[in-house]
Amino acid sequence: MSELAQARGAVRLEATNHEGSLLGKNVSPQKFASGKNTGFAFADILFAIDLNNEIVLGDAFPEWRGNLYDIQMIPDMSTLVEWKPGLDSVIGDYWLKDGTPVPICPRNLVRKLVAGLADNGYAATVAVEIEATLFEESVQEARARGYRDLTPLGGSTGATYHLARSKDWVDYMEAVVERLDSVGIAWEAWTDEAAPGQTELNLAPTDPVGLGDSWARTRQVMREVAFERGHTVSFMAKPTAGFGQGAHINLSLQSDGVNRFFAEDGPSELMRHAVGGLLATMEGNTSIALPQITSYRRLVDLTGPPTTVGWGVNNKTAAVRAITGHPKYSRLEYRLPGADVNPYLALAGVLAGVLAGIERKIEPPEQVTDMAWCLPESAGVRRVPDTMSKAGAALDADPLLREYLGDEFVDFWVASRRWEWMEFHTKGGDPFAELSAWESQRYFEFP
Amino acid sequence: MTESSTIEAPDVRFDATRVAIEDDATPLVRLIGRTLTRASGQGLPAGDLTAGLVGTVAIRSHDTPQAATVTFGAGVVEVTSGVFVEPDATLVVDLHARFALTEEPAGDADLAARGQRALRPPLPHWRDAAVRFWEITRDIAGIPDVLIVEAAGPDGPEPGRFGEGTTTYLVAGPADLLAGVFTGADDFLASLDAGVQVQGTLSQLSVMTAASWKVRFDV
C-alpha cells in the first residue's frame with residue numbers, strides 16, 4: 001500500500017466495527033494533524049449498533065463501555081493513501097484511554113493473533129478471493145425496488161471464467177482495478193463467477209493486517225465505482241434467491257523466508273496441525289465466518305460452500321483445502337466465510353484456529369477423499385452449523401476460540417448474533433422464504 | 001424435540017401435559033412453548049388449560065411472517081415452527097398483546113377458542129412474578145443485585161424490593177404490565193413504549209433485555 005508522509009487534504013478516518021463495512025468520518029487537514037497521534041473520539045456505541053441502526057442489547061457491557069463513552073481511533077499512518085484528489089484516507093484501530101486495545105476491535109484482534117504467531121516463530125501470508133454481484137440499476141433504483149428484481153450487469157446468464165461478458169460488466173471491473181492500483185491495493189486476478197452479474201476478485205498475498213485493510217478498502221472501492229457508474233454491487237451472502245457468494249481465505253506460514261507448510265511428501269507437520277486447529281474451531285468459527293442470517297442460506301450441498309467440517313488435499317468440496325507439494329504455493333484454503341464477513345474477524349478466526357493447532361499440535365482427522373457434500377452420518381464427518389443460533393452456541397462453548405480471541409470478544413459476538421437472530425425472527429424476517437425482504441433491506445448495501 | 005422446562009418446572013402429576021418444542025426453535029416457538037407450559041401447570045385457578053385439547057392449531061403473527069404449529073394430543077403438546085400441515089384451526093394473533101386475536105379464528109371454533117385461552121393463561125400478581133423473575137435471572141452476567149419495583153396498582157403505589165446487594169435496578173409501571181414483563185408475557189423493550197419506566201445504566205438495560213428474553217423465550 002502506498003504511503004504518504006502526511007495528509008495533504010481532508011482525511012477520511014476508516015475502521016470497521018463488528019459488522020464489517022468501513023465506518024469513520026472525514027476530518028480537515030488541521031483536525032487530522034492535531035489528532036493523528038492522540039486519536040479521534042468515537043462513541044463506544046459504534047460497537048453496539050446493528051445494520052438497522054438499533055442499539056444491540058442483551059449482554060453485560062465491559063467496563064470500557066458505559067452510557068455512550070468515547071473510545072479513541074488512532075490512525076495507522078502506514079495506511080495513509082491519497083484516495084482521490086483532495087481526500088486522503090487512513091485506517092485506524094480503536095484504543096482505550098489507558099493505551100490498551102479495545103478488546104473487540106477487529107483490526108486489533110488480528111494484530112494480537114499475528115503477534116501470537118510471531119511468538120511461535122511464524123509469519124502468516126494470507127490472500128482472499130472476494131465475490132460480489134453487480135447489477136445494472138443505480139443504488140437509488142435498487143432501494144426503490146427493495147433490492148429485489150434487479151438486472152444482473154453483464155447479462156443474465158451465469159458463467160464461470162467466461163471472457164465474453166458484455167462491455168458494461170468488463171468496464172466496471174476494469175475501473176475497479178484501476179482504482180485499486182491508484183490506492184496501492186495489490187490484486188492478482190478477476191473473472192466472472194457462476195452467478196449472473198457475479199465477479200471474483202483475488203487480492204494478492206500479504207500479511208494479515210494488510211490484507212484486512214485491502215479487503216475492507218476493496219469493498220469500498222467497488223461500491224464507489226458502482227455509484228459513479230450508476231450501478232450497484234452487493235457483498236450480501238445471497239443477493240438474489242438463487243446464488244450465494246463466499247470469500248475464501250488462503251494462508252501459509254513462513255519462517256526465515258521459507259514456506260513451512262511445504263513438505264516433499266504432502267502436508268508438513270505444521271500444516272497438519274494448522275488444519276487440526278482449523279477443524280477443531282470450525283463450528284465456533286462458523287458464527288464469525290457466516291455472520292448474518294442470509295449467510296446460512298448458502299449452506300446447500302452441491303452448490304459450492306462447504307457443508308461439512310472436513311479437509312482434503314486438493315478437495316474443493318471440503319471446508320479446508322490443502323494445496324501441497326510446492327515450495328512456494330503450499331497453502332490452506334479456508335472455504336467457509338461468506339462474502340458478507342467482516343474481513344478482520346474472518347482473518348482473526350482463521351489465525352486463532354491455526355495458532356491453536358500449532359501450539360497444541362492438534363492432529364486433524366483423516367482427510368476426506370470423497371466428495372465432502374451429502375455425506376451420510378456414518379462417514380463420521382460433522383456438519384457445519386446451519387443456523388445462526390447453532391453457530392452462536394458453538395462459539396459460546398468453544399474453549400479454544402475463547403482463549404485465542406478472548407472471552408470478551410466471544411461474549412460480545414455471541415450476544416450480537418443473538419440480537420440479530422431475534423431481530424430477524426421478530427421484526428419481519430421469514431425463515432421459510434428462500435430470501436426474505438427483511439434480509440434484502442438489511443444486508444444488500446452493508447456490510 | 002426438547003423440553004421447554006427451563007423457565008417453568010414441568011408438571012409432575014402422573015397425567016401432566018408435556019410441552020415439547022423442536023430443536024433450535026424460533027422465538028415464537030419458544031414463546032408458545034413457555035406459555036403453554038405455564039398454561040398446563042398446576043396452580044392456575046382454572047386448572048390445566050390444555051387438558052383435553054386434541055387437534056392442530058396454526059398460530060400466525062398478524063404483522064410479521066412468524067408462524068408455528070401446535071399439535072395437542074393426549075398428554076403431549078408439540079410446538080414446531082411454520083405451518084406445513086392443514087391445521088384444524090388457525091389463530092392470527094398480536095404477539096405484543098399476549099396472543100390477542102386480530103381476526104376471527106378459522107376452522108374448528110371450539111378448538112380455536114380453547115387453544116387461544118391456553119395461550120392467555122392468567123398472570124400471577126406482579127409481586128410473585130417479580131420474585132420468580134429475579135430468581136431465574138440470577139445467573140445472567142451483569143444482572144444487578146437488587147430489583148426495585150414501583151408498581152402502580154389499582155389502589156395506589158405498590159413498592160417492592162427483591163434481592164440483596166449493592167447494585168440496583170428500578171422498574172416502574174402499571175402493575176398488570178409489570179406482571180406481564182416479569183412472566184415473559186410482555187416484551188420488556190416494547191413495554192418501555194407502553195408505560196414502563198426504568199432507572200439504571202445503559203449496560204443494565206442491556207442485561208435486563210437478556211433477562212426478559214430468558215423469561216419470555218427461554219434463551
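The shown structure was predicted, so the numbers you read here are calculated from the model rather than taken from an experiment. The basis for the numbers below is simple: all heavy atoms, side chains too, and nothing from hydrogens, waters or symmetry mates. Sequence lines set the chain letters: A, B, ... in the order given, protein chains first and strands last, and positions in each chain run from 1.
- With respect to chain B, the highest number of heavy-atom pairs below 4.5 Å among Val56(A), Leu57(A), Thr426(A) belongs to Leu57(A).
- Neither the backbone nor the side chain of Phe188(B) has a heavy atom closer than 4.5 Å to any heavy atom of chain A.
- In this structure a side-chain-to-backbone donor-acceptor pair under 3.5 Å is missing from Thr100(A) to Leu96(A).
- Trp438(A) does not touch chain B: none of its heavy atoms, backbone or side chain, sits under 4.5 Å away.
- Near-neighbour residues of residues 53-73 of chain B relative to chain A, defined by a heavy atom under 4.5 Å from a heavy atom of that chain, comprise Thr64(B), Pro65(B), Gln66(B).
- Cation-pi contact between Arg417(A) and Trp413(A): present, with separation from the ring centre below 6.0 Å and deviation from the ring axis of at most 45°.
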Go through the steps to decide whether Phe432(A) and Ser81(B) satisfy the test side chain to side chain contact (heavy atoms under 4.5 Å, CB included), and finish with yes or no. CA-CA 9 Å; Phe432(A) 305 109; Ser81(B) 58; 3.8 Å; yes
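- For Ala25(B), the part sitting under 4.5 Å from any heavy atom of chain A is the backbone (N, CA, C, O) and nothing else.
- What you find for Val309(A) and Leu279(A) is that their closest heavy atoms are CG1-O, 3.7 Å.
- Side-chain contact, Glu408(A) with Trp64(A): a donor N or O sits under 3.5 Å from an acceptor N or O.
- Proximity to chain A (any heavy atom under 4.5 Å) is restricted, for Leu189(B), to the side chain, taken from C-beta onward.
- Counting heavy-atom neighbours within 6.0 Å of Arg117(B) CZ, excluding the residue itself, gives a total of 12 or less.
- Arg132(B) places no side-chain N or O within donor-acceptor distance of the main-chain N or O of Phe182(B), the cut-off being under 3.5 Å.
- Residue-environment remark: CG (Asp139(B)) exceeds the threshold of 12 foreign heavy atoms within 6.0 Å.
- Of the possible donor and acceptor atoms, one in the side chain of Arg34(B) sits under 3.5 Å from a partner among the backbone N and O of Arg216(B).
- Contact annotation for residues 85-98 of chain B against chain A (heavy-atom separation below 4.5 Å): no residues qualify.
- None of Arg297(A), Arg442(A), Glu19(A) except one satisfies the side chain to side chain donor-acceptor pair (under 3.5 Å) rule with Gln292(A); the exception is Glu19(A).
- Cation-pi geometry between Lys25(A) and Phe42(A) is met: the NZ or CZ atom falls under 6.0 Å from the ring centre, inside 45° of the normal.
- Formation of a donor-acceptor pair under 3.5 Å by the Thr167(B) side chain with backbone atoms of Asp145(B) is found in this model.
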